[in-house]
A.B. asks: 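Let me give you the structure first, and then I'll get to my questions.
In this text the structure is predicted, and so the values were computed from the model without any measurement.
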Amino acid sequence: MVSYEQEKYSLLKVFLSTVHHFFGGFASLFEDVTDPRDPNRITYPLYVLAVTGIFMFLCRLGSRRQIAHQLRNNGPSKANAEVLLDVETFPHGDTLNEAYTRLCIDQVQESVTGMTEMLIRKKVLYPYRLLDHFFVVAIDGSGMLTFPQRHCAHCLTRTYHGKTLYYHHVLEAKLVTPNGFCLSLMSEFIENPGENPKQQDCELKAFYRLAKRLKARFPRLPICLSLDGLFAGGPTFKLCEDYHWTYMIVLKENDLKSVNEEFEALSKLSPENRLAFHTGQNAEIAQQFRWVNEIAYIDSKHRAHLLSVLLCMETKPDKEGTLKTTRFKWVTNHNVTQKSVIPLANQGGRLRWKIENEGFNVQKNGGFELEHAYSKNDTAGKVFYYLLQSACLIFQLIEKGSLFKNAFPKGVGSAKNIAFRLLEAWRNFCLKPHDLERIFNARFQIRFDDTS
């Protein structure tokens with residue numbers, strides 16, 4: 001039987017081995033972020049401040065204040081900080097906040113983007129490409145913070161019954177995979193340029209900014225965008241054509257009326273463009289596919305586009321065993337065939353929900369506390385947001401990786417339990433220098449399941 005001490009060591013080993021294996025350690029993640037502080041007055045290196053923020057999110061502490069309660073004033077935690085980070089103990093949460101206010105946001109963003117890029121370069125994500133070629137990137141917006149009074153000059157505003165709400169949103173581009181990865185690739189904050197703009201910033205405007213940055217950062221990455229119906233229109237089609245991206249965009253019945261009408265008319269004349277498919281553990285899910293290629297569409301700026309439309313009618317039993325049918329429909333620039341229709345639907349269009357579930361929902365309701373105001377300072381708040389994304393990425397590599405599953409074949413319960421047990425291991429097990437040497441010099445592979 002594995003002892004309690006062995007379990008704590010095993011969890012710390014999985015955590016440290018995963019970070020070292022994929023990224024070469026914490027220090028390398030932030031080596032390109034400029035430290036603006038006076039080097040003669042520095043107690044904590046910049047990477048230690050970043051690691052502390054990430055560890056706060058990894059362990060689901062929920063606030064800066066908990067760093068002092070859970071990490072700074074605990075004996076084993078202080079000892080581990082000294083062995084691993086070469087500091088006497090973790091910095092105070094206020095120290096993080098003050099230092100973060102002075103960092104370059106673009107450089108911190110690059111540290112997050114670089115982590116996902118590292119996984120791409122190491123071909124960790126290659127098995128999960130759409131049609132063995134495209135990386136599926138889901139783009140969606142989410143609320144971050146809300147305030148009853150103006151928080152800063154960049155607040156978005158909304159008025160209900162004479163009462164004004166001030167809030168901040170963010171648009172995320174996340175690389176998503178069928179086995180459940182949802183990894184931040186790039187973020188674009190949706191914010192006003194000042195207190196009284198003529199027009200407020202919005203998700204569509206942020207999308208064009210984000211797409212431009214994404215193309216500049218990954219000029220040759222084969223991307224398939226997975227988008228909701230907000231983006232179904234000529235500007236998005238033209239942008240993807242210019243950037244040589246493909247897309248799977250939700251098509252609602254009230255959008256692109258001429259495209260929907262032509263799909264229904266041509267579908268009746270194309271019986272060969274149909275496919276029935278059963279999936280699920282016991283083939284209990286029935287899918288009926290219909291599609292039409294080369295539908296001509298002229299947008300509002302008189303630009304011509306050739307589109308394909310793919311419809312999936314999915315029938316499956318609910319919790320009570322009653323059969324329920326759901327309709328999914330996408331517009332795409334992929335040429336749909338009998339061979340490609342199933343992956344395009346299930347591993348392309350359907351993956352968009354992962355940015356909501358594995359992405360925003362987990363970050364809001366899974367203990368990461370995305371909607372908590374970690375700082376009143378706008379710059380520091382964004383740094384905390386980026387560190388949350390880094391922590392989510394590392395946590396997914398731990399949770400889905402073979403190191404963790406081999407060490408805990410029966411699991412430890414929910415994802416929150418992993419975070420809780422990681423915190424308890426850190427607070428109750430003192431790592432020795434020879435432990436780190438053994439962990440970092442070990443040779444191993446980390447594999448991931450093909451399905452979620």
Side-chain angles (χ1 to χ4, degrees), residues 130 134-143 154 156 158 169-176 184-193 197-263 291-311 328-336 344 348-353 355-356 359-360:
L130 176 65
F134 299 98
F135 291 95
V136 178
V137 176
I139 296 181
D140 202 5
S142 178
H154 304 297
L156 303 173
R158 187 177 297 154
H169 279 191
V170 65
L171 190 69
E172 269 286 323
K174 292 186 182 291
L175 197 155
V176 292
S184 182
L185 196 60
M186 195 166 284
S187 311
E188 180 69 33
F189 294 99
I190 305 172
E191 54 189 15
N192 288 329
K198 292 183 179 180
Q199 286 187 328
Q200 288 206 101
D201 199 10
C202 66
E203 204 166 308
L204 275 174
K205 294 178 183 176
F207 168 71
Y208 301 131
R209 299 195 302 268
L210 178 61
K212 183 178 181 180
R213 291 172 53 215
L214 196 60
K215 181 61 178 179
R217 181 62 179 78
F218 296 98
R220 290 179 293 277
L221 189 68
I223 287 176
C224 175
L225 295 183
S226 188
L227 306 170
D228 67 22
L230 173 68
F231 303 98
T236 301
F237 302 153
K238 180 64 166 59
L239 181 147
C240 290
E241 290 163 7
D242 290 344
Y243 289 171
H244 304 289
W245 291 346
T246 64
Y247 53 82
M248 296 289 296
I249 307 177
V250 172
L251 180 60
K252 299 177 181 179
E253 295 305 310
N254 294 329
D255 294 334
L256 304 182
K257 184 178 179 181
S258 65
V259 174
N260 272 304
E261 290 176 348
E262 192 160 354
F263 168 75
W291 65 92
V292 173
N293 293 312
E294 296 187 345
I295 296 176
Y297 172 68
I298 307 297
D299 66 23
S300 59
K301 292 189 176 181
H302 308 291
R303 296 174 300 205
H305 310 276
L306 278 181
L307 310 174
S308 299
V309 173
L310 167 58
L311 173 69
F328 302 97
K329 197 174 189 180
W330 301 276
V331 59
T332 178
N333 57 349
H334 282 278
N335 185 63
V336 187
L344 284 174
R350 294 286 295 278
L351 283 194
R352 194 190 67 80
W353 66 270
I355 195 173
E356 298 176 357
F360 293 127

A.B. asks: Only one of Lys212, Arg209, His169 clears side-chain hydrogen bond (donor to acceptor under 3.5 Å, both in side chains) with Glu188; which?
C.D. replies: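 Of the listed residues Lys212, Arg209, His169, the side-chain hydrogen bond (donor to acceptor under 3.5 Å, both in side chains) partner of Glu188 is Arg209.
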
A.B. asks: Taking the side chain as every heavy atom from C-beta outward, state whether Val309 and Trp291 have any pair of such atoms under 4.5 Å apart.
C.D. replies: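 Counting from C-beta outward, Val309 and Trp291 never come under 4.5 Å.
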
A.B. asks: With sequence neighbours left out, write down each residue that passes side-chain hydrogen bond (donor to acceptor under 3.5 Å, both in side chains) with Glu172, or none if nothing qualifies.
C.D. replies: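 Checked Glu172 against side-chain hydrogen bond (donor to acceptor under 3.5 Å, both in side chains); matches are Lys174, Ser184, Ser187, Tyr385.
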
A.B. asks: As an exercise, state the distance from CG of Leu251 to CG of Leu311, rounded to the nearest 0.5 Å.
C.D. replies: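 Answer rounded to 0.5 Å: 9.5 Å.
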
A.B. asks: Who are the side-chain contact (heavy atoms from CB on, under 4.5 Å) partners of Glu253, not counting sequence neighbours?
C.D. replies: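 Checked Glu253 against side-chain contact (heavy atoms from CB on, under 4.5 Å); matches are Asn260, Arg327, Lys329.
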
A.B. asks: If a pair satisfies side-chain hydrogen bond (donor to acceptor under 3.5 Å, both in side chains) and one of its residues is in residues 220-230, list it, with sequence neighbours excluded.
C.D. replies: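 Those involving residues 220-230 do not exist here.
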
A.B. asks: What pairs with Lys238 under salt bridge (charged side-chain N to carboxylate O under 4.0 Å, His left out), at least two apart in sequence or on another chain?
C.D. replies: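 Listed in chain order: Asp242.
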
A.B. asks: Where is the tightest heavy-atom contact between Ala173 and Leu214, given as atom of each residue plus distance?
C.D. replies: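 In this case the closest contact between Ala173 and Leu214 is CB-CD2, 4.5 Å.
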
A.B. asks: Considering residues at least two apart in sequence or located in another chain, which fulfil the side-chain contact (heavy atoms from CB on, under 4.5 Å) criterion with Ser308?
C.D. replies: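 Ser308 satisfies side-chain contact (heavy atoms from CB on, under 4.5 Å) with Asn293, Thr332, Val336 once adjacent residues are dropped.
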
A.B. asks: In Å and rounded to the nearest 0.5 Å, what is the CG to OH distance from Leu307 to Tyr297?
C.D. replies: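 If we round to the nearest 0.5 Å, Leu307:CG and Tyr297:OH are 8.0 Å apart.
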
A.B. asks: Roughly how far, to the nearest 0.5 Å, is CG of Leu227 from CE of Met248?
C.D. replies: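 If we round to the nearest 0.5 Å, Met248:CE and Leu227:CG are 10.5 Å apart.
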
A.B. asks: Residues two or more places apart in sequence or in another chain: which of them pass salt bridge (charged side-chain N to carboxylate O under 4.0 Å, His left out) with Glu203?
C.D. replies: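 For Glu203, no residue satisfies salt bridge (charged side-chain N to carboxylate O under 4.0 Å, His left out) once neighbours in sequence are set aside.
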
A.B. asks: If every non-hydrogen atom of Cys240 is compared with every non-hydrogen atom of Leu225, which pair is closest and at what distance?
C.D. replies: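 Between these two residues, the closest heavy atoms are SG-CD1, 3.9 Å.
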
A.B. asks: Using side-chain hydrogen bond (donor to acceptor under 3.5 Å, both in side chains) as the criterion, list what pairs up with Arg352, not counting sequence neighbours.
C.D. replies: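 side-chain hydrogen bond (donor to acceptor under 3.5 Å, both in side chains) check on Arg352 returns Glu356.
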
A.B. asks: When rounded to the nearest 0.5 angstrom, what distance separates CD1 in Ile249 from CZ in Phe231?
C.D. replies: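 Atom-to-atom, Ile249:CD1 and Phe231:CZ are 9.0 Å apart.
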
A.B. asks: Restricting to side-chain contact (heavy atoms from CB on, under 4.5 Å), what partner residues turn up for Asn333, sequence neighbours left out?
C.D. replies: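 Listed in chain order: Thr246, Tyr247.
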
A.B. asks: Check side-chain hydrogen bond (donor to acceptor under 3.5 Å, both in side chains) between His305 and all other residues, then give those that pass, not counting sequence neighbours.
C.D. replies: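 For His305 the side-chain hydrogen bond (donor to acceptor under 3.5 Å, both in side chains) partners, ignoring immediate neighbours, are Glu241, Asp299.
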
A.B. asks: What's the spacing between Leu344 CG and Leu130 CG if we round to 0.5 Å?
C.D. replies: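 That separation rounds to 5.5 Å.
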
A.B. asks: Please determine if Arg303 forms a cation-pi arrangement with Phe237, meaning its NZ or CZ atom is less than 6.0 Å from the six-membered ring centre and no more than 45° off the ring axis.
C.D. replies: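 Not satisfied by the 6.0 Å and 45° rule.
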
A.B. asks: Quick one: pull up CG in Leu221 and CG in Leu185 and give me the separation to the nearest 0.5 Å.
C.D. replies: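 Rounded to the nearest 0.5 Å, the CG-CG separation comes out at 7.0 Å.
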
A.B. asks: Which residues satisfy the side-chain hydrogen bond (donor to acceptor under 3.5 Å, both in side chains) test with Arg217, sequence neighbours excluded?
C.D. replies: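 Here the qualifying residues are Glu110, Glu117.
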
A.B. asks: Do His334 and Phe134 make the cut of ring centroids closer than 6.0 angstrom?
C.D. replies: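 Under 6.0 Å, so yes.
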
A.B. asks: Determine the minimum heavy-atom distance between Val136 and Gly348, stating which atoms define it.
C.D. replies: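 Looking at all heavy atoms of both residues, the closest pair is CG1-O, 4.2 Å.
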
A.B. asks: Quick one: does Lys205's side chain have a donor or acceptor within less than 3.5 Å of a partner on Ile190's backbone?
C.D. replies: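 The answer is no, because no donor-acceptor pair under 3.5 Å joins these two groups.
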
A.B. asks: Tell me, please, which residues at least two apart from Phe360 pass ring-ring contact (aromatic ring centres under 6.0 Å, His included).
C.D. replies: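 ring-ring contact (aromatic ring centres under 6.0 Å, His included) check on Phe360 returns nothing, list empty.
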
A.B. asks: Holding to side-chain contact (heavy atoms from CB on, under 4.5 Å), I want the full list of residues that pass it with Lys215, two or more places apart in sequence or in another chain.
C.D. replies: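 Listed in chain order: Tyr243, Trp245.
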
A.B. asks: Testing the basics here: between Asp201 and Phe189, what is the closest heavy-atom pair and its distance to 0.1 Å?
C.D. replies: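 Minimum heavy-atom separation between Asp201 and Phe189: OD2-O, 4.0 Å.
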
